[in-house]
Protein chains: 2
Amino acid sequence: MASDHTRSAILAAAERLYADRGFGDVTLRDIVAAAGVNLAAVNYHFGSKDELIAELFVTRSIATNRERLRELKAAEEQGGGRAPIEVILHALVGPTLRGCLGPENQRSTAARFMIRASIESVPPIRRIKNREIDHLRKFAGAMRRALPERSEVDIYWGLNFALAMAHHTIRESERLTKLSEGKCDLDDVEDVVARVVSVATMALTAGKTETKALPRVAAR
Amino acid sequence: MASDHTRSAILAAAERLYADRGFGDVTLRDIVAAAGVNLAAVNYHFGSKDELIAELFVTRSIATNRERLRELKAAEEQGGGRAPIEVILHALVGPTLRGCLGPENQRSTAARFMIRASIESVPPIRRIKNREIDHLRKFAGAMRRALPERSEVDIYWGLNFALAMAHHTIRESERLTKLSEGKCDLDDVEDVVARVVSVATMALTAGKTETKALPRVAAR
DNA sequence: TTGCAATTCAAACAGTTGTATGAAACTATC
DNA sequence: GATAGTTTCATACAACTGTTTGAATTGCAA
């Protein structure tokens with residue numbers, strides 16, 4: 001039985017540093033300094049820096065996915081196996097947005113870490129990331145049940161756009177605030193969630209697969 | 001009068017490498033090897049690695065913005081100072097999408113470099129990036145003229161979502177292809193552009209600022 | 001050709017990175 | 001309290017980074 005203290009101190013410090021400054025410029029020495037442990041501790045407890053990152057990512061990935069699926073399952077059971085599309089989308093983008101936006105002090109390092117992981121492309125994470133697809137497929141399935149008349153292609157595009165708006169808004173929240181001179185309130189998380197869900201819902205429910213028929217603007 | 005040959009060879013090689021592999025793991029030695037020049041050439045011609053990146057970014061940034069503004073200006077002049085919102089959005093996301101998607105061989109390294117720059121956060125670029133805001137403000141202005149009844153907040157959110165869909169689709173194109181098992185055709189660039197423009201247009205023109213009034217899904 | 005500046009080059013530099021080592025300190029069991 | 005196993009620590013290591021240096025080479029004007 002180990003003390004585990006050093007181990008979890010490293011995990012916590014690493015997660016916070018990665019969430020704040022990205023994977024690119026966080027060194028092992030930064031991590032052990034923040035954790036207050038010896039340099040060799042990381043290699044002793046995790047084997048290598050990459051394995052530390054991988055463990056962090058796997059742990060958080062499982063937690064996030066469970067959170068999202070819990071919301072989804074609950075909604076589908078309540079609706080007798082079929083949830084409204086808004087609720088599905090809400091379960092998809094809600095947890096992440098809630099963890100990454102809002103007043104500084106209540107943001108979750110876990111959520112911010114996951115966004116970093118989804119943005120920056122670091123080898124140990126890239127290797128694992130394919131499992132994420134299975135997770136998204138479950139959402140695609142629920143969306144198909146909610147919109148049976150919709151083509152599969154449209155479902156995937158809707159899913160893609162929903163994630164796009166959520167992630168991009170998180171990533172560029174600072175720029176959006178500056179661009180709008182504070183008029184867009186990124187601290188009102190539920191409003192942001194509602195906006196993303198609303199637009200994604202429109203994308204998925206608007207008149208049948210007509211994107212191809214839209215007025216094609218003259219290219220150059 | 002210098003030969004300039006070495007200089008442009010470095011620029012070309014650097015742009016391609018950064019576009020392909022990101023800023024994180026491209027070393028000066030990689031660049032000079034690809035360019036077929038001596039290691040010291042970068043420091044001789046550009047001063048430092050950061051200044052090389054900065055020059056690359058500034059050059060491409062100016063070119064991209066000019067391209068987008070040209071499409072925008074042309075559309076507004078044709079409409080007597082007011083262009084349809086679809087055309088504005090098309091000018092905003094079209095050039096980038098066209099340069100980053102489509103058949104492998106006709107993708108532009110320049111566009112892919114710019115996407116890298118907008119994704120990964122490397123110091124020399126971050127310092128310059130604020131000018132981008134002025135550029136986006138011009139689009140916000142055009143959008144306001146196209147939709148005078150729309151609130152400013154909605155305009156900024158629509159702009160944000162349009163860029164979100166475009167950038168995210170480029171960034172995660174591989175995953176979307178895999179997720180949809182090839183059903184989403186990322187090579188049909190004009191279809192992708194049409195989809196993004198269509199959804200963004202809906203986001204901007206759908207019933208008045210009602211996001212706040214949408215059914216608020218039970219939070220957890 | 002001579003002279004001079006611009007450019008290229010091999011080599012070395014100082015700094016940082018992740019990792020490995022072996023001794024010291026601790027912890028629990030007998 | 002001696003012993004064996006685990007954990008910590010200071011330190012060294014090898015590999016790699018961007019940068020500098022000073023000598024060699026080139027290109028071109030007089």
Side-chain angles (χ1 to χ4, degrees), chain A residues 1-58 113 116-117 120-128, chain B residues 1-58 113 116-117 120-128:
Chain A
M1 174 65 60
S3 75
D4 253 7
H5 173 274
T6 306
R7 220 186 122 85
S8 47
I10 292 174
L11 284 172
E15 182 170 57
R16 195 173 56 75
L17 286 175
Y18 284 139
D20 286 347
R21 316 197 328 227
F23 296 96
D25 43 37
V26 169
T27 150
L28 264 191
R29 285 168 174 81
D30 291 337
I31 296 174
V32 299
V37 303
N38 186 270
L39 173 59
V42 170
N43 288 278
Y44 178 78
H45 284 279
F46 299 90
S48 71
K49 188 193 187 187
D50 281 4
E51 290 176 81
L52 164 62
I53 295 181
E55 171 158 341
L56 220 35
F57 180 72
V58 169
F113 171 85
R116 284 280 189 196
E120 295 174 36
S121 176
V122 50
I125 289 185
R126 200 176 331 143
R127 267 180 242 117
I128 314 172
Chain B
M1 175 66 59
S3 77
D4 254 5
H5 173 275
T6 306
R7 223 187 118 85
S8 47
I10 292 174
L11 283 172
E15 182 169 57
R16 197 174 56 75
L17 286 174
Y18 284 139
D20 286 347
R21 318 201 322 230
F23 296 96
D25 41 37
V26 169
T27 147
L28 264 191
R29 285 168 175 82
D30 291 336
I31 296 174
V32 298
V37 304
N38 186 270
L39 174 59
V42 170
N43 289 279
Y44 177 78
H45 285 280
F46 299 91
S48 70
K49 188 194 189 188
D50 281 5
E51 289 176 82
L52 165 62
I53 295 181
E55 171 158 341
L56 220 34
F57 180 72
V58 169
F113 171 85
R116 284 281 189 196
E120 295 174 36
S121 175
V122 49
I125 289 184
R126 199 173 335 144
R127 266 180 242 117
I128 313 171

Rounded distance in Å - CD1 (B/Ile10) to P (C/dT7): 12 Å
Interatomic distance where CG belongs to A/Asp4 and P belongs to D/dT6 [whole Å]: 14 Å
Test item: B/Thr6 and B/Tyr44 side chains (from C-beta on) under 4.5 Å apart, heavy atoms: no
Value in whole Å for how far the C1' atom of D/dT17 lies from CG of A/Asp25: 15 Å
A/Arg116 to A/Asp20 - nearest heavy-atom pair and separation: NH2-O, 2.9 Å
Heavy-atom side-chain contact between B/Phe46 and B/Leu11 under 4.5 Å: yes
A/His45 side chain near D/dT6 phosphate (N/O to OP1/OP2, under 4.0 Å): no
Smallest separation among heavy atoms of A/Asp50 and A/Pro124, with atom names: O-CB, 3.7 Å
A/Thr6 vs D/dT7: side-chain N/O to OP1/OP2 distance below 4.0 Å: no
Heavy-atom protein contacts under 4.0 Å, nucleotides 17-22 of chain C, coded B base, S sugar-phosphate only, - none: BBBBB-
Carboxylate-amine/guanidinium contact A/Arg7 A/Glu55, below 4.0 Å: yes
B/Tyr44 OH to C/dT8 C1', straight-line distance once rounded to whole Å: 9 Å
B/His5 side chain near C/dT8 phosphate (N/O to OP1/OP2, under 4.0 Å): no
In a table with atom names and distances, give each donor-acceptor pair under 3.5 Å that connects a side chain of residues 23-35 of chain A to protein atoms at least two apart or in another chain.
| unit_1 | atom_1 | unit_2 | atom_2 | d |
| --- | --- | --- | --- | --- |
| A/Thr27 | OG1 | A/Arg29 | N | 2.9 |
| A/Asp30 | OD2 | A/Arg21 | NH2 | 2.8 |
| A/Asp30 | OD2 | A/Thr27 | N | 3.1 |

